[in-house]
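Here is the structure we will look at.
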Amino acid sequence: MLIPKRDTGFQHPVPSEITPRAVYEQRRQMLRLMAGGAAGAAMASWAARDALAATARPGKLAALAATPSTLAGAQTVEKLTGYQDATTYNNFYEFGTDKADPARNAHTLKTQPWTVEVEGLVKKPGKYGIEDLLKLSAQEERIYRLRCVEGWSMVIPWIGYSLSELLKRVEPLGSARYVEFVTLADKTMMPYLGSRVIDWPYTEGLRLDEAMHPLTMLAYGMYGEVMPNQNGAPVRLVVPWKYGFKSAKSIVRIRLTEREPATAWVKAAPQEYGFYSNVNPTVDHPRWSQANERRIGEDGLFAKKRKTLMFNGYEPQVASLYAGMDLKKFF
Ligand SMILES: Nc1nc2c(c(=O)[nH]1)N[C@H]1C(S)=C(S)[C@@H](COP(=O)(O)O)O[C@H]1N2
Ligand SMILES: [Mo]
């Protein structure tokens, strides 16, 4: 994301994508009816959802059942970004810096077995196998915008649950104030770890109250399926009101700390990237404006048509986290 000229690496997806979008939309609507309706209650068994998902998913990866989230801010009337766009225009520098690289290279990522270690200032540290982690709370589908610091955005139906569900379980100590996320750095699976763009492993961090916010999501899938490798399988963060890089992919360790953790992008370019990195149209990046964005797949390759919204449109939900803070200073 550091390298704007890389934007020319965009490869427009071929129109032959087999994603049965109408079918997917239909399925989602169906799930919503099932979850909400009185008669739906009996039908909305996991088995029924599974069967439905199996017949009507985009069709590439294993289906992952989920109920539509009722959380404020977790649904939208906006058009979804196409599956093909969302899985071929990625930032995952462990697999290359070109937007098309992760889709090409991430097949070498082995996501099983996988463990996530939760440690640091918690009463109950532990190692969670990915299967157990996945079952730790009911999977919800949440439609979030993700806005990259480079100036593009997508609208994606993610599957997962609030990170707070996991954090509550490990019981943070009173001294814990931040959460650090450490992602996989394995040279046998990740061809780009030899590069020095990032001081690997890629790490990220949140303040504990940000991490505990219900919108902050541990995501295991998208578009009704398990997470594609290039999007951060088997589990990643999605923090919808922050620039995309705060949403760490392929997480292996979560550590609660007293001090603000160093993060990969702050270490790489401290004058350009801050710890908070809240989406904010009034605070420019030193090299470009953050006032507008283009929606991948919709607005044309170089057009920047949409106004970027404060906190990426999640202001009603998250503004109180930053009451009284100078967001120009804490960018
Ligand atoms: N481990 C890891 N996580 C990462 C990145 C990365 O390079 N490595 N890139 C970040 C950036 S800059 C963005 S914009 C989002 C992109 O997520 P997406 O490809 O699913 O849209 O992932 C973030 N998480
Ligand atoms: Mo990004």
Side-chain angles (χ1 to χ4, degrees), residues 1-4 6-7 9-10 13 80-106 109 111 114 116 144-160 180-186 189-193 195-206 217-223 225-254 263-269 272-273 277-279 285 288 290 293-297 308 312:
M1 65 177 200
L2 193 59
I3 314 162
R6 288 292 184 179
D7 224 23
F10 179 76
L80 296 180
T81 299
Y83 184 83
Q84 177 79 2
D85 281 329
T87 55
T88 55
Y89 191 81
N90 302 106
N91 277 335
F92 200 167
Y93 276 20
E94 290 85 335
F95 296 100
T97 53
D98 204 273
K99 295 286 179 285
D101 282 342
R104 268 198 295 259
N105 299 332
L109 177 66
T111 57
W114 192 280
V116 176
Y144 283 163
R145 287 175 295 279
L146 196 71
R147 204 274 197 195
C148 179
V149 74
E150 293 167 82
W152 47 266
S153 59
M154 300 195 196
V155 181
I156 294 178
W158 303 98
I159 300 175
E180 182 186 33
F181 302 88
V182 183
T183 72
L184 185 73
D186 183 330
M189 304 181 203
M190 298 172 143
Y192 218 74
L193 288 186
S195 86
R196 288 157 61 196
V197 209
I198 293 284
D199 179 10
W200 313 105
Y202 187 106
T203 60
E204 258 311 329
L206 295 171
M217 190 179 189
L218 267 184
Y220 303 86
M222 53 190 238
Y223 297 87
E225 300 179 349
V226 298
M227 193 68 78
N229 286 356
Q230 61 267 39
N231 291 80
V235 61
R236 67 173 291 174
L237 213 57
V238 188
V239 193
W241 70 94
K242 291 177 180 279
Y243 290 119
F245 66 91
K246 299 298 288 183
S247 295
K249 294 174 167 180
S250 306
I251 293 168
V252 291
R253 183 167 305 130
I254 298 174
T263 63
W265 283 108
V266 171
K267 278 196 274 179
E272 304 203 1
Y273 306 109
S277 292
N278 292 315
V279 174
H285 183 278
W288 59 82
Q290 293 291 24
E293 67 201 59
R294 75 188 162 88
R295 189 62 49 83
I296 295 297
T308 288
N312 203 22

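Heavy-atom basis, side chains included; hydrogens, waters and symmetry copies ignored. As the structure lists them, so they are numbered: ligands from 1, and atoms in each ligand from 1.
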Any N or O on [X] sitting closer than 3.5 Å to an N or O of ligand 1?
X: Asn90; result: yes
X: Asn91; result: yes
X: Gln230; result: no
X: Trp158; result: no
X: Glu94; result: yes

Parallel, tilted or perpendicular, as decided by the 30° and 60° cut-offs, for the rings of Phe245 and Tyr243: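 Rings of Tyr243 and Phe245: parallel, as their planes differ by under 30°.
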
Close approach, Glu150 and ligand 1, non-hydrogen under 4.0 angstrom: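 For ligand 1, residue contact (heavy atoms, under 4.0 Å) with Glu150 is absent.
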
Residue-ligand contact Ser247/ligand 1, heavy atom below 4.0 Å: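 It does; at least one heavy atom falls under 4.0 Å.
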
Salt bridge present between Arg145 and Glu293 (N-O < 4.0 angstrom):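 Salt bridge between Arg145 and Glu293, a charged N being under 4.0 Å from a carboxylate O: no.
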
Using heavy atoms and a threshold below 4.0 Å, how should the contact between [X] and ligand 1 be classified: side chain, backbone, both, or neither?
X: Lys246; value: neither
X: Thr183; value: side chain
X: Phe92; value: both

Atom pair OG (Ser195) and CD (Glu94), whose distance is rounded to the nearest 0.5 Å: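 Going from the OG atom of Ser195 to the CD atom of Glu94 covers 9.0 Å.
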
Between CG on residue Leu146 and NZ on residue Lys242, distance to nearest 0.5 Å: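 Separation between the atoms: 13.0 Å.
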
Atom indices of ligand 1 within 4.0 angstrom of Cys148 heavy atoms, with elements: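 Ligand 1 atoms under the 4.0 Å threshold to Cys148: 14 (S).
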
Closest non-hydrogen atom pair, Gly160 against Met217: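 Between these two residues, the closest heavy atoms are N-CE, 3.2 Å.
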
Shortest non-hydrogen separation from Gln84 to Thr88 and the atoms involved: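 Scanning both residues, the minimum pair turns out to be O-OG1, 2.6 Å.
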
Reference residue Phe181; test side-chain contact (heavy atoms from CB on, under 4.5 Å); the match among Thr263, Thr203, Leu206, Val252: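 So the option named by the test is Leu206.
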
The single option from Pro228, Cys148, Pro102 passing side-chain contact (heavy atoms from CB on, under 4.5 Å) against Asn90: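 Output: one option passes, namely Pro102.
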
Nearest candidate to atom 16 (C) of ligand 1, where distance is taken over non-hydrogen atoms, out of Lys249, Met190, Met227: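 Looking at heavy atoms only, the winner is Lys249.
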
